[in-house]
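A short write-up of the structure that comes next.
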Amino acid sequence: RGRLRDPGPERRRQADEVLHEVRTGGRHLLIFKNATWGTVLMLDGVCRLTTADGFSILKVAHPSDTIDTIALQVEAMEHAFDAGQPVQRGIPTLAGDSLTIVDGRIVRMTTWLGGTTMLDAWPDIDQMREAGTALARLSVSLADFEHPGAHRTFPWDLQRLHDLRE
């Protein structure tokens, strides 16, 4: 593939045609057409782009996310993919990097992993068993994965409930 010509920041952000927009419950959904990116679905900083190869996801990290956190996610996906798991793949920048900084925010592109969410599928017991099996395979594939960003705490971790005392 050849290098993409950068149309400039104003053109990249321009919505040529807004197809649908909804703001509700603190969420913002926008679907628009852009001559540079095609049809774009954007929900709270995550964009699904229509490309010649299908779909891609442009993820703009939350301002509080660190490089370590995002690098952990990128490297974990690659590790799982190398182990044969059906996961999204990172798409490198033109410079070959797995992520970049745009306007102070961490940005990365991944492949689109098609399918139906469990919420939308109303799965039966066999589908739930298959999902459990897939999650177990993913867990096994990540058992030997190490990354400095993985060693952190979460407020919702029940093993750390004692830390939440007033």
Side-chain angles (χ1 to χ4, degrees), residues 4 6-15 18-32 34 36-51 55-83 85-120 131 134-135 138-166:
L4 296 174
D6 187 346
E10 292 308 311
R11 184 70 186 126
R12 284 192 307 262
R13 295 179 186 145
Q14 181 180 345
V18 174
L19 302 174
H20 186 75
E21 184 171 16
V22 176
R23 290 178 189 267
T24 179
R27 309 297 304 255
H28 182 204
L29 171 70
L30 177 64
I31 303 171
F32 64 93
N34 173 283
T36 303
W37 304 115
T39 302
V40 178
L41 180 146
M42 184 167 55
L43 175 64
D44 299 336
V46 176
C47 302
R48 184 179 87 170
L49 307 174
T50 305
T51 66
F55 296 116
S56 297
I57 303 294
L58 178 69
K59 296 185 176 187
V60 180
H62 188 275
S64 67
D65 285 336
T66 65
I67 291 283
D68 273 352
T69 301
I70 303 303
L72 163 69
Q73 294 171 9
V74 169
E75 291 175 34
M77 284 191 306
E78 287 302 314
H79 188 84
F81 180 83
D82 291 344
Q85 298 304 307
V87 296
Q88 292 172 302
R89 306 267 340 258
I91 300 172
T93 67
L94 293 176
D97 300 319
S98 60
L99 49 89
T100 190
I101 306 293
V102 176
D103 294 335
R105 302 279 293 271
I106 305 165
V107 178
R108 66 191 162 161
M109 181 89 73
T110 67
T111 58
W112 172 258
L113 187 61
T116 303
T117 65
M118 294 289 274
L119 179 66
D120 295 330
L135 288 172
L138 179 61
S139 181
V140 168
S141 76
L142 292 171
D144 63 343
F145 177 73
E146 272 296 320
H147 189 278
H151 305 286
R152 58 189 199 267
T153 59
F154 299 98
W156 57 86
D157 183 352
L158 293 179
Q159 295 177 26
R160 307 205 44 97
L161 190 59
H162 63 278
D163 294 341
L164 295 177
R165 281 190 232 162
E166 296 182 86

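Numbering of residues begins at 1 and proceeds along the displayed sequence. Computed over heavy atoms, backbone and side chain alike; hydrogens, waters and symmetry mates excluded.
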Taking all heavy atoms of [X] and all of [Y], pick out the closest pair and write down the distance.
X     : Y      : value
Val87 : Leu113 : CA-CD2, 4.0 Å
Ala61 : Ile70  : CB-CD1, 3.9 Å
Ile91 : Ser56  : CD1-OG, 3.6 Å
Gln85 : Ser141 : CG-OG, 3.4 Å

Stepwise side-chain contact (heavy atoms from CB on, under 4.5 Å) check, Phe145 with Leu72: CA-CA 10 Å; Phe145 177 73; Leu72 163 69; 3.5 Å; yes
Arg108 and Val74: CA distance, side-chain angles, deciding distance, side-chain contact (heavy atoms from CB on, under 4.5 Å) verdict: CA-CA 9 Å; Arg108 66 191 162 161; Val74 169; 3.8 Å; yes
Partners meeting side-chain contact (heavy atoms from CB on, under 4.5 Å) with His20 (sequence neighbours left out): Val22, Leu29, Ile31
Would you please name every residue forming a side-chain hydrogen bond (donor to acceptor under 3.5 Å, both in side chains) with [X], sequence neighbours left out?
X      : answer
Asp144 : His79
Gln159 : none
Thr110 : Gln88
Thr24  : none

Review item, side-chain donor-acceptor pairs of residues 93-100, under 3.5 Å, at least two apart:
unit_1: Thr93; atom_1: OG1; unit_2: Ala95; atom_2: N; d: 3.2
unit_1: Thr93; atom_1: OG1; unit_2: Gly96; atom_2: N; d: 3.3
unit_1: Thr93; atom_1: OG1; unit_2: Asp97; atom_2: N; d: 3.1

Any side-chain donor near an acceptor of the partner, His147 and Gln73, under 3.5 Å: no
Interatomic distance, Met77 atom CE to Asp82 atom CG [nearest 0.5 angstrom]: 12.0 Å
Validation row: Ile101, Ile106 side chains within 4.5 angstrom (heavy atoms): yes
Pairs flagged by salt bridge (Lys or Arg N to Asp or Glu O under 4.0 Å) wherever residues 58-77 is involved - sequence neighbours left out: none
Salt bridge (Lys or Arg N to Asp or Glu O under 4.0 Å) against Arg89, all qualifying residues, sequence neighbours excluded: Glu78
side-chain contact (heavy atoms from CB on, under 4.5 Å) assessment of His28 paired with Glu21: CA-CA 8 Å; His28 182 204; Glu21 184 171 16; 2.7 Å; yes
Residue pairs passing the ring pair (Phe, Tyr, Trp, His ring centres under 6.0 Å) test where at least one lies in residues 94-113, sequence neighbours excluded: Phe55-Trp112
